Amino acid sequence: MLGTLAIMHPDVEKILIGPEALQARVAELGRQISRDYEGRHPTLLGILKGSVVFLGDLLRAVTLDCSVDFISVSSYAGRTSTGEVRMLLDLRESALGKDLLIVEDIMDSGLTLHYLLTTLKARNPKSLEVCTLLDKPDCRKVSVSAKYVGFRIANEFVIGYGLDHNEKYRNLPYVGVLKSGK
Ligand code: IMP
Ligand code: MG
């Protein structure tokens, strides 16, 4: 199935991380999280919408009992950050006393995670960590870091495996660099 779907989309400049590399790394992250949270019941907190594909795979790679919840924030219009983060959808469950693991698609300026970490910390979870599929460390505007990082990448706009550009390309089974002008 992946072989057919992995055919390059005409708007993609190059495939950065292919389906097999994604699956292998997500499996590793799942093993690491399962070890680190042994004896606990973490809540995997997906940040909509970009994390859904990653979360779906990560969840099946975690071998302990866990919960899932979602948050939706908005900070992006097109390719560049507006710098403003807004909460569009809050957690369904209380964060108090929970082991929260934020699952994010990509860390860029860090503004989204900085906002989420500040907001969620104030609700007194038992623990609060971040798992991001991708990290663009050169783009940071505020200092934040993630305990679990899938891949560190250069400062290029990427799409696929949940990541979009104007709501397109989330369904691509690889992470690719978008052609300029698209
Ligand atoms: P930050 O607040 O600048 O760290 O940006 C975080 C959010 O911006 C991510 O959750 C993505 O939704 C979006 N984003 C940042 N860089 C990219 C990219 O290269 N492709 C697609 N979305 C991105
Ligand atoms: Mg996101």
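Keep in mind that this is a model prediction, so the values were computed, not measured. When a ligand or atom number is given, it counts from 1 through the structure's own listing order. Count residues from 1 along the sequence.
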Check: With distance as the sole test, does Arg25 use its side chain to make a donor-acceptor pair with the main-chain N or O of Gly150 at under 3.5 Å?
Finding: yes
Notebook entry, point to check: Do you know which two heavy atoms are closest between Glu156 and Lys14, and how far apart they sit?
Noted result: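 Scanning both residues completely, I find the closest heavy atoms to be OE2-NZ, 3.6 Å.
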Next item on the list: Would you name the heavy atoms of Cys131 and Leu58 that are closest together and state the gap between them?
Entry: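 Shortest heavy-atom separation between Cys131 and Leu58 comes out as SG-CD2, 4.0 Å.
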Next item on the list: Would you mind checking if Asp164 and Arg170 are paired as a salt bridge, meaning a charged N to carboxylate O distance below 4.0 Å?
Entry: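 Yes, Arg170 and Asp164 are salt-bridged.
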Checklist line | Lys/Arg N to Asp/Glu carboxylate O, Asp11 vs Lys168, below 4.0 Å | finding: yes
With heavy-atom distances below 4.0 Å as the criterion, list the atoms of ligand 1 near [X].
X	result
Leu111	2 (O), 4 (O)
Thr112	1 (P), 2 (O), 5 (O), 6 (C)
Leu163	20 (N), 21 (C), 22 (N)
Glu104	10 (O)
Ser109	1 (P), 2 (O), 3 (O), 4 (O)
Glu156	19 (O)
Val158	18 (C), 19 (O), 20 (N), 21 (C)

Does only the side chain of [X] get under 4.0 Å from ligand 1, or the backbone, or both, or neither? Count heavy atoms.
X	result
His165	neither
Asp164	backbone
Lys141	neither

Margin query: So for Lys136, does at least one of its heavy atoms come nearer than 4.0 angstrom to any atom of ligand 1?
Written below: yes
Next item on the list: Could you tell me if any non-hydrogen atom of Ile159 lies under 4.0 Å from any atom of ligand 1?
Entry: no
Notebook entry, point to check: Would you say Arg152 has more than 12 foreign heavy atoms packed within less than 6.0 Å of its CZ?
Noted result: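 Not buried by this count: 12 neighbours or fewer within 6.0 Å.
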Check: Are there more than 12 heavy atoms of other residues, nucleotides or ligands under 6.0 Å from atom CD of Glu167?
Finding: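 Correct, the count exceeds 12.
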Item checked: Any Leu16 side-chain heavy atom under 4.5 Å of Phe151 side chain ->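 No, their side chains stay 4.5 Å or more apart.
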Margin query: For the 3.5 Å polar cut-off, considering only N or O atoms, please tell me whether Gly110 and ligand 1 meet it.
Written below: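 Checking ligand 1 against Gly110, an N or O pair does fall under 3.5 Å apart.
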Margin query: Ring-plane angle category for Tyr169 and His9, please: parallel below 30°, perpendicular beyond 60°, tilted otherwise.
Written below: perpendicular
